[in-house]
Amino acid sequence: MKKTQLTKLSYLIDIPLILDESQLMFAEMKRHIPFPMKRFYVISNVDRNAIRGLHAHRKLQQVLFCIQGSITFVLDNGYEREEIKLDKPNVGIFIDNWMWREMKNFTPDAVLLVLASDYYKESDYIRNYDQFLFEVTTTKNKFSVRYVQHVFTMVKKAFVHQFPFITALSKKYN
Ligand code: TYD
């Protein structure tokens with residue numbers, strides 16, 4: 001079984017699932033969870049129309065499991081967005097710091113289990129999207145891997161886009 005599966009902006013983590021007369025899942029720090037967990041919390045009984053999250057963290061990392069029902073996650077790194085539906089109890093999504101997240105389409109039975117790398121600190125939250133965009137694109141993070149990856153993608157896109165034009169030009173003048 002593959003332990004991780006890349007998504008556009010993050011990755012999914014498969015944890016072991018034991019099916020006997022019950023269903024049992026477990027996760028071990030380091031082997032499955034990429035940080036030492038300091039806190040967990042559980043969200044359930046969410047209204048079907050509710051949208052939760054709507055924030056990013058400056059430092060906190062999390063792995064989220066939808067251990068019952070299904071939930072759609074929206075991830076946004078300030079440059080790109082993706083939607084991921086979690087509907088398997090043993091598949092979690094890693095959410096890094098500097099990642100805006102929204103959670104929606106909770107089924108009535110959905111239970112979200114969140115493993116977090118640190119204690120609750122309101123000062124670590126960015127709850128305003130414009131503020132998130134501002135912080136993610138200012139010098140503090142300019143040299144982050146994500147920023148370099150984004151610039152690389154943009155250059156690649158620009159090049160691919162220009163390529164037919166360059167070929168046409170070279171044909172014209174050769
Ligand atoms: P929040 O993280 O905003 O929830 P969500 O991301 O699901 O929308 O938390 C909701 C409220 O609960 C907020 O007032 C802070 C409080 N809270 C704590 O006190 N401790 C915690 O560990 C968490 C996760 C939330």
Side-chain angles (χ1 to χ4, degrees), residues 3-17 23-138 140-142 144-147 149-150:
K3 282 210 190 107
T4 57
Q5 185 195 321
L6 288 181
T7 71
K8 191 159 114 191
L9 299 180
S10 188
Y11 59 88
L12 301 174
I13 298 173
D14 270 6
I15 58 171
L17 175 67
Q23 174 173 281
L24 185 153
M25 286 155 293
F26 64 90
E28 295 177 1
M29 303 308 121
K30 286 197 184 154
R31 184 178 295 171
H32 306 111
I33 308 300
F35 49 77
M37 182 187 91
K38 282 196 179 167
R39 175 171 58 110
F40 78 84
Y41 59 94
V42 175
I43 299 179
S44 56
N45 292 325
V46 180
D47 193 280
R48 191 174 257 283
N49 302 316
I51 300 183
R52 298 197 60 102
L54 295 161
H55 65 253
H57 289 281
R58 296 185 174 91
K59 290 204 175 118
L60 192 78
Q61 297 180 311
Q62 294 174 315
V63 177
L64 300 89
F65 291 92
C66 177
I67 55 173
Q68 185 172 284
S70 70
I71 303 169
T72 303
F73 293 79
V74 178
L75 300 186
D76 180 334
N77 65 1
Y79 304 105
E80 293 182 281
R81 255 181 185 233
E82 83 169 314
E83 277 203 10
I84 298 158
K85 185 178 174 185
L86 285 194
D87 57 4
K88 293 189 187 72
N90 65 319
V91 178
I93 175 99
F94 172 71
I95 304 190
D96 209 347
N97 54 357
W98 299 110
M99 185 73 78
W100 184 265
R101 88 287 313 271
E102 295 170 14
M103 284 96 82
K104 59 184 186 183
N105 303 337
F106 285 77
T107 54
D109 60 341
V111 179
L112 175 66
L113 167 67
V114 183
L115 311 184
S117 65
D118 206 351
Y119 305 119
Y120 174 78
K121 272 187 213 121
E122 186 55 38
S123 60
D124 187 59
Y125 279 71
I126 308 170
R127 294 191 184 272
N128 177 293
Y129 187 69
D130 290 335
Q131 176 69 19
F132 164 69
L133 284 184
F134 172 74
E135 290 197 28
V136 100
T137 51
T138 45
K140 247 191 288 176
N141 305 297
K142 231 178 197 157
S144 70
V145 172
R146 217 172 295 127
Y147 183 80
Q149 276 171 347
H150 169 71

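Every number for a ligand or one of its atoms is a count from 1 in the order of the listing.
The side chain of R127, and not its backbone, has at least one atom closer than 4.0 Å to an atom of ligand 1 (non-hydrogen atoms only; side chain from C-beta on). Under 4.0 Å from ligand 1, not a single heavy atom of E122 appears. In I43, the part holding a heavy atom less than 4.0 Å from any atom of ligand 1 is the side chain.
Side-chain atoms of T107 and D87, non-hydrogen and from C-beta on, never get closer than 4.5 Å to each other. Within the 4.5 Å cutoff, side-chain heavy atoms of F73 are placed close to those of L112.
Distance from atom 15 (C) of ligand 1 to its nearest protein heavy atom, with residue and atom name: Y120 OH, 3.1 Å. The nearest protein atom to atom 2 (O) of ligand 1, hydrogens excluded, is given as Y125 OH, 2.6 Å; this is a heavy-atom distance.
A cation-pi geometry, defined here as NZ or CZ lying under 6.0 Å from the six-membered ring centre and within 45° of its normal, does not hold between R52 and Y41.
Between R39 and ligand 1, at least one pair of N/O atoms sits closer than 3.5 Å.
Short contacts between ligand 1 and G53, defined as distances under 4.0 Å to a heavy atom of the residue, involve ligand atoms 5 (P), 6 (O), 8 (O).
With hydrogens and angles ignored, the 3.5 Å screen pairs a side-chain donor or acceptor of N90 with a backbone N or O of I15.
In this pair, Y11 and F94 present their aromatic rings parallel. The plane angle is below 30°, not in the 30 to 60° band.
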